[in-house]
Peer 1: 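If you scroll down you'll find the structure; I have some questions about it.
So that the names make sense, note that chain A is the first sequence line, chain B the second, and so on, each numbered from 1. All figures in this text were calculated on a predicted structure; none of them were measured in a lab.
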Protein chains: 2
Amino acid sequence: MTAASLRARVRAEMTDEIKAAARRHLATDGANLSLRAVARDLGMASSAVYRYFASRDELLTALIIDAYDSLGEAAENAPDTGSAVDRWLAVCHAVREWALANPHEWALVYGSPVPGYQAPTDTVEPAIRVILTLGRIVQDASASGEVEPGEPIGGRLGEDLAMVAERAAPGAPPQLVGRSIAGWIHLCGAVSAELFGQLNNTIEQRRDFFEFQMRGALTWIGLRASS
Amino acid sequence: MTAASLRARVRAEMTDEIKAAARRHLATDGANLSLRAVARDLGMASSAVYRYFASRDELLTALIIDAYDSLGEAAENAPDTGSAVDRWLAVCHAVREWALANPHEWALVYGSPVPGYQAPTDTVEPAIRVILTLGRIVQDASASGEVEPGEPIGGRLGEDLAMVAERAAPGAPPQLVGRSIAGWIHLCGAVSAELFGQLNNTIEQRRDFFEFQMRGALTWIGLRASS
DNA sequence: GCCATACCGAGAGCACTGCTCTTGACGGCG
DNA sequence: CGCCGTCAAGAGCAGTGCTCTCGGTATGGC
């Protein structure tokens, strides 16, 4: 007998099965998936699902957290060798490939907010895993001089960025952190554009164009290949 | 009596009223707004709405087209003076400000695709108005030499970009068009990030940071202030 | 001026949704 | 061994998109 009681173990398995079924429905119905349909798939009454998730929103929250964690893991497992440029690009491609493999989870997490849904605070920690991964790269590059610090940023924006830098990449100059956030935003935009169909009937060489964009962003961010 | 019959005029007004009410509901319910609720607001039976829109999807399509047109108009009305850099930045700010004023329409159009919704072909023409506006700026800049052409892009991606260039900015080098599309994608990403809450609790100086990003993208794109 | 026609609004109805409440039964812990 | 916590199921409520049918009304042709 494991430490967890049988009751608890069965419950955990059931919870996972519900989430798996819900993920399947995410593909067809998006964020407004039908709890009843999920229950039907599992051969149980819809009311039974409420034993495991108090509401549809709570189920969505679980899916969101899983998605963030899965994406965060993919980013952290990206090849971590070579220059800062290589590492950054590896994370970019890892994020893009995860999104291509899990398009509906990407939409759930980085698409339009679900109307009426308020993300609980449990979601913020897994949400920033990718950014922290990028932050580490920038921090390392900054420490080893693989970077153009660039013009400092004054005013309130400078203060904002200094505070973010303290949390995400201590020691890196705020302006570099600002450019890095911009790079992350561009990354999100590029993935969303590809996934949401904005490139349809224009650019077919998606991977090449993506890399082109990310390399372009990198030149502005100021990461250098290792000297 | 006007050229249009009274019947047709009343019908057009009714159609507009339905769209206006639907836009109001967009704010609370997003893309899955309730046709019945819209009908209730207008004091009519839900079935009557179907005289004007064959389905909820058709209503959404009308809202999408209106949103694209409204955004396109905002972009085209952006100050059209000064250097290519100034014009490009003016369009960026116009887009952002439109999105801030109409967040739910932005989400409808650039957010996650509505599940099960297939955009009809009528939407593509209004959809590209903003891109064409940017294309004109790049084309002008290219013609007047306000631009760094940059390294040519070979391979299939080069062909893709050449075809896009032909449509959106004839005469401009494909690599410049590629960088411009990347700039447009960054613009979309920056607006979405701000609107969808990714900047919450980090950067408060939204406008400054947005301009910072767009200027950064511009340096890479290679537009110069007029010489 | 009249009438067939096209259009329009209302209502009922179908199958579906999220969610609640009650009921009955089973299983693990003291 | 008994009891209590947990579970699944079913009925039910209010709401949804959409269809169909039914009367009423304005329009265009004669």
Side-chain angles (χ1 to χ4, degrees), chain A residues 1-19 21-64 108 114-118 120, chain B residues 1-19 21-64 108 114-118 120:
Chain A
M1 181 69 71
T2 62
S5 73
L6 195 148
R7 257 270 198 6
R9 235 180 45 212
V10 168
R11 184 180 176 81
E13 278 173 24
M14 198 69 220
T15 306
D16 282 346
E17 273 188 54
I18 294 175
K19 285 198 289 188
R23 252 186 296 270
R24 257 175 275 135
H25 281 270
L26 212 57
T28 60
D29 300 324
N32 49 359
L33 54 86
S34 158
L35 236 162
R36 287 177 115 115
V38 171
R40 259 199 307 275
D41 274 18
L42 269 50
M44 63 163 126
S46 67
S47 53
V49 177
Y50 285 87
R51 298 269 170 205
Y52 299 89
F53 297 95
S55 68
R56 222 194 47 155
D57 277 12
E58 203 169 281
L59 213 193
L60 279 183
T61 300
L63 294 182
I64 288 174
L108 182 64
V114 180
Y117 172 82
Q118 183 68 1
Chain B
M1 182 68 71
T2 63
S5 73
L6 194 146
R7 250 313 208 312
R9 236 181 44 214
V10 169
R11 183 180 175 83
E13 278 173 24
M14 198 70 219
T15 305
D16 282 347
E17 272 188 55
I18 294 176
K19 286 199 288 187
R23 252 187 295 271
R24 256 175 277 133
H25 280 271
L26 212 55
T28 60
D29 300 324
N32 50 359
L33 53 84
S34 156
L35 235 161
R36 287 178 115 115
V38 171
R40 258 198 309 275
D41 273 19
L42 268 51
M44 63 163 122
S46 68
S47 54
V49 178
Y50 285 86
R51 298 273 172 207
Y52 300 89
F53 298 95
S55 68
R56 222 195 46 155
D57 277 12
E58 202 169 280
L59 212 192
L60 279 183
T61 299
L63 295 183
I64 287 173
L108 182 64
V114 181
Y117 173 82
Q118 183 67 1

Peer 1: What is the distance, rounded to the nearest whole Å, between atom CG of B/Leu42 and atom P of C/dA10?
Peer 2: 10 Å
Peer 1: Whole angstrom is fine here: how far is it from CE in A/Met14 over to P in D/dC7?
Peer 2: 10 Å
Peer 1: Assign a letter to each nucleotide of nucleotides 16-24 of chain C from its 5' end: B, base within under 4.0 Å of a protein heavy atom; S, sugar-phosphate only; -, no contact.
Peer 2: -BBBBB---
Peer 1: Using side-chain heavy atoms (C-beta onward) and a distance below 4.5 Å, is B/Glu13 in contact with B/Asp16?
Peer 2: no
Peer 1: Sequence neighbours left out, what passes salt bridge (Lys or Arg N to Asp or Glu O under 4.0 Å) with B/Arg56? Give chain and number order.
Peer 2: none
Peer 1: Starting from P on C/dG9, measure out to CD on B/Glu13 and report it in whole angstrom.
Peer 2: 13 Å
Peer 1: Show me the pairs that pass side chain to side chain donor-acceptor pair (under 3.5 Å) and involve residues 29-39 of chain A, at least two apart or across chains.
Peer 2: none
Peer 1: If a pair satisfies side chain to side chain donor-acceptor pair (under 3.5 Å) and one of its residues is in residues 41-53 of chain B, list it, with sequence neighbours excluded.
Peer 2: B/His25-B/Asp41
Peer 1: Whole angstrom is fine here: how far is it from CE in A/Met44 over to C1' in D/dT6?
Peer 2: 14 Å
Peer 1: Mind checking if A/Tyr52 touches a base, just sugar-phosphate, or nothing, with heavy atoms under 4.0 Å?
Peer 2: sugar-phosphate
Peer 1: May I ask you to test the A/Phe53-A/Leu60 pair for a side-chain heavy-atom distance under 4.5 Å?
Peer 2: no
Peer 1: Under the rule for side-chain contact (heavy atoms from CB on, under 4.5 Å), what residues qualify as partners of B/Ala22, not counting sequence neighbours?
Peer 2: B/Leu33, B/Val38, B/Leu59, B/Leu63
